[in-house]
Amino acid sequence: MTQPVSPPRDSTAKVPEARPAAWRGLAARADVRTLSLLGVLAALIVVGGITKPDEFLDTRNLQLVLTQASVVGVVTVGMTFVIVSGGIDLSVGAIVALASVWATTVATQEYGFAGILFTAIVVGVGCGLVNGVLIAYGSMVPFIATLAMLASARGLALQITDGKTQIVTVPSVLDLGERDAYVLGIPPLVMVFAVVTVIGWLVLNRTTFGRRTVAVGGNPEAARLAGIDVRRQRLYLYLLSGLCCGIAAFLLIVLSGSGQNTNGNLYELDAIAAAIIGGTLLTGGRGTITGSVLGVLIFFTITNIFALNNLQSDVQQIAKGAIIVAAVLVQRRTASTT
């Protein structure tokens, strides 16, 4: 009998390699962006070491930079998820302010450490829930919905405090900001930031939730046809952003020892700018937690260098604006060549 001849397999052997090749190219571009950001951060450290070697390279100054960056950094992690999905959240700073003042009222402080932490997180998540419902199920534009939340949360924070600073009197909360609480020279706030960053990276890069987030940001209609509940996914993302705001509010309470209606001022701009610098597209569909965190560190390093050299705050803002414009131009150039 004649043995059946199997069809040639050469034409199909290359098909499975096409997708990994595309992913390898995407990963390579991400690595280039990360290395570039690390290079910028290293250059800034060199500049700081040259201009003010004794002050900038002092251990306490570096701990201060990392501690201050931790609060905005936690907010930026949540913001990155929202922007990757094609959304925006202008209310994060106001939510941090509202959560911080609500968690530091006299009634809340009677419940001690747990009461303050619980209240800050609940308020943050509650505000995120309102944003998510309005955007996902109310079909409101994210810009408008979060702008309304910004105004409302700021107004409510002012009403709660009556314009006064609320001093924290719970020793267990205040002790977290003391040097005695440092572990191997690392402030507790920095460790919380590190944990949030690692969890955020794992969720975005290693879970179905992260893949759905990218899919919704890349093409919502295609994501819907693929069986993803786009509205529910967007609701979850704003809940996540609110959760990060609640955690950041608690860190800010520890850092400042108080709650004020002015807390979180311009955090939304810092978080968005850090995400953009880190390679997150404002149109959605792409972003990295690592890049966003490096963007936060770059911003706060610049601020610290300017402060040590007695440069005016307006110069700092101009420098930040120039960096944002440069980052967007690089993104557009990269997009046009891919």
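No experiment lies behind these values; they were computed from the predicted model shown.
Residue V293 is not grouped with residue L269 when hydrophobic side chains (ILVMFWY) are merged at heavy-atom distances under 4.5 angstrom, including chains of intermediate members. Cluster membership for I302 and I45, using ILVMFWY side-chain heavy atoms within less than 4.5 angstrom, is shared. One hydrophobic cluster, built from ILVMFWY side chains closer than 4.5 Å, cannot hold both I186 and Y182; they sit in different ones. Cluster annotation: V141 and Y238 are assigned to distinct hydrophobic clusters (Ile/Leu/Val/Met/Phe/Trp/Tyr, side-chain heavy-atom contacts under 4.5 Å, transitive). The cluster map of Ile, Leu, Val, Met, Phe, Trp and Tyr, joined by side-chain heavy atoms under 4.5 Å apart, puts I276 and L266 in different clusters.
The CD1 atom of I289 sits 7.5 Å away from atom CG of N205, with the distance rounded to the nearest 0.5 Å. Interatomic distance, CD1 of I272 versus OG1 of T76, reported as 9.5 Å (0.5 Å rounding). Taking CG of L117 as the reference point, atom CD1 of I247 lies at 8.5 Å (rounded to 0.5 Å). Taking OG of S100 as the start and CD1 of I95 as the end, the distance is 12.0 Å to the nearest 0.5 Å. Rounding to the nearest 0.5 angstrom, the gap separating the CG atom in L235 from the CG atom in L129 is 6.0 Å. The CG atom of L150 sits 11.0 Å away from the SG atom of C127 when rounded to the nearest 0.5 Å.
If you check the side chains of N131 and T146, you find no donor sitting under 3.5 Å from an acceptor. T80 and S292 share a side-chain donor-acceptor pair at under 3.5 Å. Judged by distance alone, the side chains of T67 and S70 never bring a donor and an acceptor atom under 3.5 Å apart. A donor-acceptor contact closer than 3.5 angstrom links the side chains of T213 and Q233.
By the neighbour-count criterion of 12 heavy atoms within 6.0 Å, atom CZ of R179 is densely surrounded, having more than that number from other residues, nucleotides or ligands. Shown here is Y111, whose OH atom has no more than 12 heavy atoms of other residues, nucleotides or ligands within 6.0 Å. Around atom CZ of F118, no more than 12 heavy atoms belonging to other residues, nucleotides or ligands sit under 6.0 Å away.
Listed here is the closest heavy atom pair of V96 and A249: O-CB, 3.6 Å. Among all heavy-atom pairs drawn from A136 and R234, the shortest one is CB-CB, 4.2 Å. L134 and A145 get closest at one heavy-atom pair: CB-CB, 4.2 Å. Closest non-hydrogen pair, V254 versus G177, comes out as CG1-N, 3.6 Å. In terms of heavy atoms, L239 sits closest to V125 at CD2-O, 3.7 Å. Nearest heavy-atom pair across L44 and I305 is O-CD1, 3.1 Å.
Between T280 and R286 the shortest side-chain heavy-atom distance does not fall below 4.5 Å. Side chains of L202 and V198 form a contact here, defined as non-hydrogen atoms less than 4.5 Å apart. Using a 4.5 Å heavy-atom cutoff, the side chains of Q260 and T161 are not in contact. For the pair V72/F299, no side-chain contact is recorded, criterion being any heavy-atom separation below 4.5 Å from C-beta on. Taking the side chain as every heavy atom from C-beta outward, W102 and L156 approach each other to under 4.5 Å. Side-chain contact between Y236 and L240: absent, with no pair of heavy atoms (C-beta onward) separated by less than 4.5 Å. A 4.5 Å side-chain heavy-atom check between V230 and R232 finds every atom pair outside the cut-off. Residues V75 and C244 form no side-chain contact, since every pair of their non-hydrogen atoms from C-beta on lies 4.5 Å or further apart.
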Margin query: Checking D89 against E268 for the side chain to side chain contact (heavy atoms under 4.5 Å, CB included) test, could you report, in this order, the C-alpha distance in whole Å, the side-chain angles of both residues, the deciding distance, and whether it holds?
Written below: CA-CA 7 Å; D89 192 348; E268 58 277 0; over 6 Å; no

Margin query: Could you go through L90 and I88, starting from their C-alpha distance and side-chain angles, then the distance that decides it, and tell me whether this counts as side chain to side chain contact (heavy atoms under 4.5 Å, CB included)?
Written below: CA-CA 6 Å; L90 301 179; I88 198 73; 4.2 Å; yes

Next item on the list: Check the pair D229 / R231 against side chain to side chain contact (heavy atoms under 4.5 Å, CB included), numbers first and verdict last.
Entry: CA-CA 6 Å; D229 190 332; R231 293 191 299 178; 3.9 Å; yes

Check: For V216 and E221, what are the C-alpha separation, side-chain angles and deciding distance, and is it a side chain to side chain contact (heavy atoms under 4.5 Å, CB included)?
Finding: CA-CA 8 Å; V216 169; E221 182 60 21; over 6 Å; no

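Remark: the backbone N or O of L57 is not paired with any side-chain donor or acceptor of N61 at under 3.5 angstrom. Remark: the backbone N or O of T104 is paired with a side-chain donor or acceptor of Q109 at under 3.5 angstrom. Looking only at distances, no side-chain donor or acceptor of D58 sits under 3.5 Å from a matching main-chain atom of D54. Side-chain atoms of Q68 do not come within 3.5 Å of backbone N or O of F300 as any donor-acceptor pair. Checking side-chain atoms of S256 against main-chain N and O of L252 turns up a donor-acceptor pair under 3.5 Å. No donor-acceptor distance shorter than 3.5 angstrom exists from the side chain of Q166 to the backbone of A103, with no hydrogens or angles considered. Put simply, the side chain of T207 gets close to the backbone of G210: a donor and an acceptor are under 3.5 Å apart.
Ring geometry for F113 against F250 counts as perpendicular: the plane angle is over 60°, on a 0 to 90° scale with 30° as the lower cut.
For the side chain to side chain contact (heavy atoms under 4.5 Å, CB included) with L98, the qualifying choice from N261, N263, V123 is V123, the only one to do so.
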